[in-house]
Structure formats: C-alpha cells, structure tokens
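Here is the structure we will look at.
Just so it is clear: chains get the letters A, B, ... in the order the sequence lines come, proteins before strands, and each one is counted from 1.
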Number of protein chains: 2
Amino acid sequence: MPRGHKKAATREETEQTRITILRTAEQLFMEYGYRAVSTRQIADACGLTQPALYHHFADKQDLYVEVLKENIAQTQAALERIVRRNETLQERLQIVVRYLFKSTQYDHALMMHDIQHELEPQTRLMLHELFHRGLISPIASVFEQGLHDGQLKAPQQGGMDAISASYLLMSMLSRFLVQSPPVYGAQVSANGQEAAAALTGNAFFTDVGRAEAIVQILLHGLAVK
Amino acid sequence: MPRGHKKAATREETEQTRITILRTAEQLFMEYGYRAVSTRQIADACGLTQPALYHHFADKQDLYVEVLKENIAQTQAALERIVRRNETLQERLQIVVRYLFKSTQYDHALMMHDIQHELEPQTRLMLHELFHRGLISPIASVFEQGLHDGQLKAPQQGGMDAISASYLLMSMLSRFLVQSPPVYGAQVSANGQEAAAALTGNAFFTDVGRAEAIVQILLHGLAVK
DNA sequence: CCTACCGATCGGTAGG
DNA sequence: CCTACCGATCGGTAGG
C-alpha cells in the first residue's frame, strides 16, 4: 500500500536518523559520561530538536542502553575474530589491545561507573552480563588456552585465572594511565607524544608502542629474571 | 578583645564545620563523581542548609579542589613513608598497593575524568601537577631505584621507565577490575568474595590477595619462564 | 519531527 | 548559619 503523498519520513529515513542519534550519543556519552551529556546536546549535534529524540527512544536511559548494546556487540564481534586467529598468545593479545585502543578512545572505567551508579538496578545487571559476555569472555578464552597449554602460570604458581587476567588487562588500558603529559615541569616543549617518547627512551607514548608494552609486561613482568 | 556575648560560632566551631564538610564531600565526590553530587546533598549530609556551604567555600569547584588537595596530601605523606622503608622492591610495592586499596575505596580514573572534564583549564593543570607530585612521583621513586639496582628491565629490554610504570600500576588498581561479580550466570550462591575466591582457586578477591597478585604480575608476568 | 511548555532541580545570591 | 529566592537547565510531555 503506497502512501508517499505528503512528505512523511520514510521508514528508511527514520532508520537513518536513529543511527545518527546512536553514533552521536555514543561519542558524547563515552567521552563525558552519562550524566554530563544532556539530551539537548545530543539533539543539537544531530540537527534535531530535543523532543524529537523521544520518537526514537523511550527516554535518556533507553538511548544510553542502546548505545552500549551496539558498542559491545561490535567489540564482541571483533574480539571473537581476533581470538580465533592462528597466532601466538602474545600476538593475539597485542592485536586485542591495539583494537581496544583504536576502537574506543574512551575509558571503560567511566562506562562501568555509569552502569553502576546512573542506571536502574535491573538494567545494571543486564549490562553487566552483556559486558562480561561481550568483552571479558572472549579475552578470557585467550588466557584459558594459555593456561591449558602451560604457557601461563596457574593461580597457585603466581599466575591468575583467565577471568581475573582479562579484567586486569582491561584495567591496564585505562586512559588516565598516560593521557596526562600536558606539562609536568615546564621542560616539555613541542609535541607531547613525541617529546615524551624521546624523554623516556621508548615508544610507550604511541598507541602501538603502548599496546606492545602493556602485553609485554603482563606476560613477562618488569623484573629482570 | 572578647566578644562572646551572643551565640556566634567560635573560630574553632567554624573550623570543625569546615572539616565536616570536607570529609562528607570527599566521600560523595569520590563515589559518585563531581557532577552527580549536588551541593544540597553535601549540605544535608552535614546537617546544614545548602547556602551555608558558601560561607566556607567560594563555590562547588572550590570545595572539590580543597577535597582533592587534602586527599592527595594525605596519600602523599603515606606513600613517602612507605617508599623510604628498608624492604625489598616487591614488599614496598605491595605495601603501596595495599595502602591505596584501603585508603581509597573509589577509582582514580573517575577522579582524573572529573579533573579533565569538569573543571576550568587552569585548575585542571594545577591538580594534574599535584596528582603527579603527590602520587606518581613517590611510586616512581621505587621503580627508579629498581632500575638503578638492575632489578628492573630498562625500556630497551622490554621494561618501562619509572613514570610510565607508576601510571600503569595506578591503572591496575581500577575498581571496575573486580567490583563486578554480583551475578554472571546464576550459580554464585552466597558471599561474593569468598565464593569467587573458592571458584578461581586463589585469593584474588580479597584486598590483600589482590594487592599481592597485582604486584606479582607487574614484576614477574603471567608467562611461564 | 516541530513548537510550546511542564515540574524538578541545579549552583549561587540577597539580606539579615 | 538561616529563610527566601534567582535564572538556567534538566528530562520529559502535549498536541499537532
């Protein structure tokens, strides 16, 4: 049954608008946090009025939950691909870390804080499980395999179970770890990343260098053997 | 010149009120974040009206900055004491981590996010330097010593400079790492910590166990040698 | 998807 | 340190 006589939005246009809102909201929520982002900010950035958002999402929390669902689903798909590759344990972990650095310029700790403190209890539980299944479990499967292979130490030998190792790896990706070098003293002159890399004598301040350093230390530690 | 004729607050009472406000605000800000805590919440928790806060602090940001200053100063004092002890590198790091776990039930990543996004640029810079001098530098001095001793790998040998290692250690303390085990499946029955510890076969889910595990892995890694 | 508008809450001020 | 109150902004709704 055709009905394009006025200028009502087609189903496709509506879907496009929904996607625009989701992507815009994702960027804002992930950078500033749930509470700090207003529905008007999101609407403005999409070129809409604020009430228009409520045509696509029931309320602010619903929009946030949809953002997280899409974000986690996408990350999960990528991680499961990486995890099944035929490469060494160390190489797969480095690819995982590089992916997480590249895909998310934000801090998972902020996301977890919002889930814990800004949402209703039942939503909180659901997202926690989603996070666990989507991000933690795929990474844990890599560690699990290393434990079975005998490449990784068991908990009793100074190692760690696979789930805990996955959470630990995630926490090592926290942005505040290194986002800090604007000025400590006053001796940093020009480009922050390169200057810092030169000062410290390694490539820790580039994304790839950071990914390699983190995995290197998680596996082999800082101590001389 | 005496003047106690009415019932004006003495200087001592005023100071006590200020301390009460600071401690109350610290708990709230550190748990929920700067923006999520209203000045009325703080005042209520202190048994005051909201405008009364403005007798002790210029505005909300000023109160937050004072909270951070006191918090960092106290942590700095404790860390500098620990760092000068006559114990092994590993023992000192474990004491540092245990102290940070015990003293701050919150997440430094949240604090850094608030500093980055909720404050004026000049305040942000000042607090960043305070954080660096108060928390990072003391910890870095431990790593620095280990590097000089030859106990720790240099950056060129798969190690890390002292400052980067300190940020990495701080990020490994992130609460979201492990605060998560409410329910994943439904098989966790009674006490979360103990049940999880039993399941995983180590003491990672107690504070002391976590501190030891983190330092163990930071120094020696997860891989079998 | 818009205009118009709601009650609630925010940080902060006036004045005593 | 209180009462009373301000303008701004919040999430969300009515009605078309």
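- Atoms CD (A:E118) and C1' (D:dC10) sit 13 Å apart, rounded to a whole Å.
- Taking the nucleotide of DNA chain C with the nearest heavy atom to each of A:A52 and B:Q41, the more 5' of the two is matched to A:A52.
- In this structure, B:F29 and B:Y64 have perpendicular ring planes: the angle between them is above 60°, well past the 30° mark.
- Whole-Å rounding puts the B:L53 CG to D:dC1 P distance at 10 Å.
- Within the 4.5 Å cutoff, the side chain of B:L110 has no heavy atoms near those of the B:M30 side chain.
- Checking A:E70 against A:Q74 by side-chain atom types alone, no donor-acceptor pair falls below 3.5 Å.
- Looking at heavy atoms from C-beta onward, B:L169 lies in side-chain contact with B:I214 at the 4.5 angstrom threshold.
- The closest side-chain heavy-atom distance from B:I217 to A:L218 is below 4.5 Å.
- Atoms CG (B:D44) and C1' (C:dC10) sit 14 Å apart, rounded to a whole Å.
- Taking a cutoff of 4.0 Å between a charged side-chain nitrogen and a carboxylate oxygen, A:R23 and A:E26 do not qualify as a salt bridge.
- When rounded to the nearest whole Å, the span between NE2 of A:H55 and P of C:dT3 equals 16 Å.
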Are there any protein N/O atoms within less than 3.5 Å of an N/O atom in nucleotides 12-16 of chain D, and if so, which ones and at what distance?
{"unit_1": "D:dG12", "atom_1": "OP2", "unit_2": "A:Y54", "atom_2": "OH", "d": "2.8"}
{"unit_1": "D:dG12", "atom_1": "OP2", "unit_2": "A:K60", "atom_2": "N", "d": "2.8"}
{"unit_1": "D:dG12", "atom_1": "N7", "unit_2": "A:Q50", "atom_2": "OE1", "d": "3.3"}
{"unit_1": "D:dG12", "atom_1": "N7", "unit_2": "A:Q50", "atom_2": "NE2", "d": "2.8"}
{"unit_1": "D:dG12", "atom_1": "O6", "unit_2": "A:R40", "atom_2": "NH2", "d": "3.4"}
{"unit_1": "D:dG12", "atom_1": "O6", "unit_2": "A:Q50", "atom_2": "OE1", "d": "3.1"}

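- Pairing analysis of DNA chain C (Watson-Crick: purine N1 to pyrimidine N3 plus N6-O4 or O6-N4; G-U wobble: N1-O2 and O6-N3; both under 3.5 Å) yields stems of 3 or more pairs at C:1-16 with D:1-16.
- Annotation: side chain of B:T75 is in contact with side chain of B:Y99 (closest heavy-atom distance under 4.5 Å).
- Of the candidates D:dC1, C:dC2, C:dG11, C:dG11 carries the atom nearest the B:S38 side chain, counting heavy atoms from C-beta on.
- As a whole-Å value, the separation of B:R35 CZ from C:dC10 P is 13 Å.
- Between B:M111 and B:I72 the shortest side-chain heavy-atom distance falls below 4.5 Å.
- In this structure, OH of B:Y34 is placed 13 Å from P of C:dC10, rounded to the nearest angstrom.
- By the 30° and 60° cut-offs, the orientation of the rings of A:H117 relative to B:Y32 is perpendicular.
- In this structure, CZ of B:F57 is placed 15 Å from C1' of D:dC1, rounded to the nearest angstrom.
- The distance from atom CD1 of A:I42 to atom C1' of C:dC1 is 17 Å, rounded to the nearest whole Å.
- Using a 4.0 Å cut-off, no side-chain N or O of B:T49 falls inside it from OP1 or OP2 of D:dC1.
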